[in-house]
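Atom set for the values below is all heavy atoms of this structure, side chains included, hydrogens, waters and symmetry mates excluded. Per chain, numbering begins at 1; letters A, B, ... match sequence-line order.
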2 protein chains.
Amino acid sequence: MTLPKTRWRRRSAARPDEILDAALTAFIEAGFDAARMDDIAARAGISKAGVYLYFGSKEALLRALIDREIAPIATLLAGFAETGGADPEGTLHLMATVAIERLSDPRFFAVPRLIIAISGRFPDIADYYRTEIVERAIAALSSLIAKGVAQGVFRPVDPVLAVRAVVGPVLFAALWRHVLRGDTDVPPARVIEGQIDLLLNGLKP
Amino acid sequence: MTLPKTRWRRRSAARPDEILDAALTAFIEAGFDAARMDDIAARAGISKAGVYLYFGSKEALLRALIDREIAPIATLLAGFAETGGADPEGTLHLMATVAIERLSDPRFFAVPRLIIAISGRFPDIADYYRTEIVERAIAALSSLIAKGVAQGVFRPVDPVLAVRAVVGPVLFAALWRHVLRGDTDVPPARVIEGQIDLLLNGLKP
DNA sequence: TGTATATAACTTACTGGTTAGTTATATACG
DNA sequence: CGTATATAACTAACCAGTAAGTTATATACA
């Protein structure tokens, strides 16, 4: 046990991430409204006023969490779509697998869940999330499907609907697991397996 | 303008519905936490203490809204699945259409959205919603698909996955519209048209 | 290299509100 | 005129954000 000889330390480089870690934990436990800035500060090991040195408001914390937790995945998916044009089917599979794996982590899913909860009162955040995350991910999937259609490996379907046929079940799986606390005996990778088969080959014999 | 000669009236039969109407409106505007019981009471035309004569807590209001707003639709869908066994494809189409139409009404979608927002802190409500609404609707769809498989009009797929392939895109459409405020130029019925075609015939040529 | 000084990074203590739920009392109406 | 139905006033908390003061640490310079 090394007792600190000082009451606090300067850690300006590390603080923002520590605060965001704390905020995410608090938001998961209490939701956006009920999460207390005092509590977030305490978890980060500083005082409430210290939080306000780095983030101007509670809302700013959520915005920063979108950037830190979610945006990198949107970028990753966009990369897959660009690189994987030669094998649309395999790339689709890969992207869906990455998405469902990430969404099975409660700390990841927490952010989209918060967006759903507060979008009515913070339309700016909803718009930000739509344009920076969702539309980018959709555009990536959509362009991949368009490539598949051009190559003749996919039917000439509406890419927008096809995207929803991929994303919808992934979304459902996340809500089932995290919101409804339903059984999750089947591993995510196997779910994607079956879901993609259904998407490619259809329900008809 | 007919000024009331009395300060208030006894309306015990009508009050609960009036209160629930007010609560739903308040929840839509502010979310569960930020909605104020005072405001709900004022909208219902009574005092806050009056609300507590009929509902024991804020949470009880949400529970009652599940029963009043959502449960009837689950029952309706279950009925379709039972009656429509002779035409699985048409019944699937019908059920998806009803679901997407209902979910396009903000006052309907508000309840599932609230569940998503508060399920972490009120696991009882999440469990209640899962068993009374979602599992019933899923069972209905699942049995319908099983009938189709038995008749040979559907491939022998896992019904659970097939259900997700139907519900997922419907869910996505609702979130896109209400949460992300995205474009909704295509009418719900047409979305279902394309989505069902994709589900039945698959993405492959 | 040791120390005075500047300032970034922190804290404590507070403001100015907010709100779910309760209690005591009043009134409509069968 | 009894009582179910209603209210006003209250309690006992809660909390985002701020102002003013304090301390750790970098750096200038003797």
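Comparing C:dG21, D:dA16, C:dA9 by their nearest atom to the side chain of A:Y52 picks out D:dA16. Side-chain atoms of A:R36 lie closest to D:dA16 of the nucleotides C:dT11, D:dA16, D:dA6.
Going from atom CG of A:L53 over to atom P of D:dT22 covers 17 Å, rounded to whole Å. Going from atom CG of B:D38 over to atom P of D:dT7 covers 12 Å, rounded to whole Å. Put simply, CD1 on B:I40 is 11 Å from P on C:dT19, counting in whole angstrom units. One interatomic measurement links the two molecules: CD1 of B:I46 to P of D:dA4, which rounds to 18 Å at whole-angstrom precision. If you measure from atom CD1 of B:I19 to atom P of D:dT5, you get 12 Å, rounded to the nearest angstrom.
Side-chain atoms of A:D67 and A:Y128 form a donor-acceptor pair, as typed in the model, at a separation below 3.5 Å.
Counting only distance, with no hydrogens or angles, the side chain of B:E101 and the backbone of B:P188 share no donor-acceptor pair below 3.5 Å. For A:R136 (side chain) and A:E132 (main-chain N/O), a donor-acceptor pair under 3.5 Å exists by modelled atom type.
If you check every strand for non-hydrogen atoms under 4.0 Å, B:A35 touches sugar and phosphate atoms only.
Closest heavy-atom contact between A:D105 and A:H178: C-CE1, 4.1 Å.
In terms of polar N and O atoms assigned as donor or acceptor, the side chain of A:K48 comes within less than 3.5 Å of the base of D:dG17 in a complementary pairing.
Regarding contacts with the backbone of D:dT5, every side-chain N or O of B:Y54 stays at 4.0 angstrom or more from both OP1 and OP2.
Nearest-nucleotide positions on DNA chain D place A:M37 closer to the 5' end than the other of A:M37 and A:A49.
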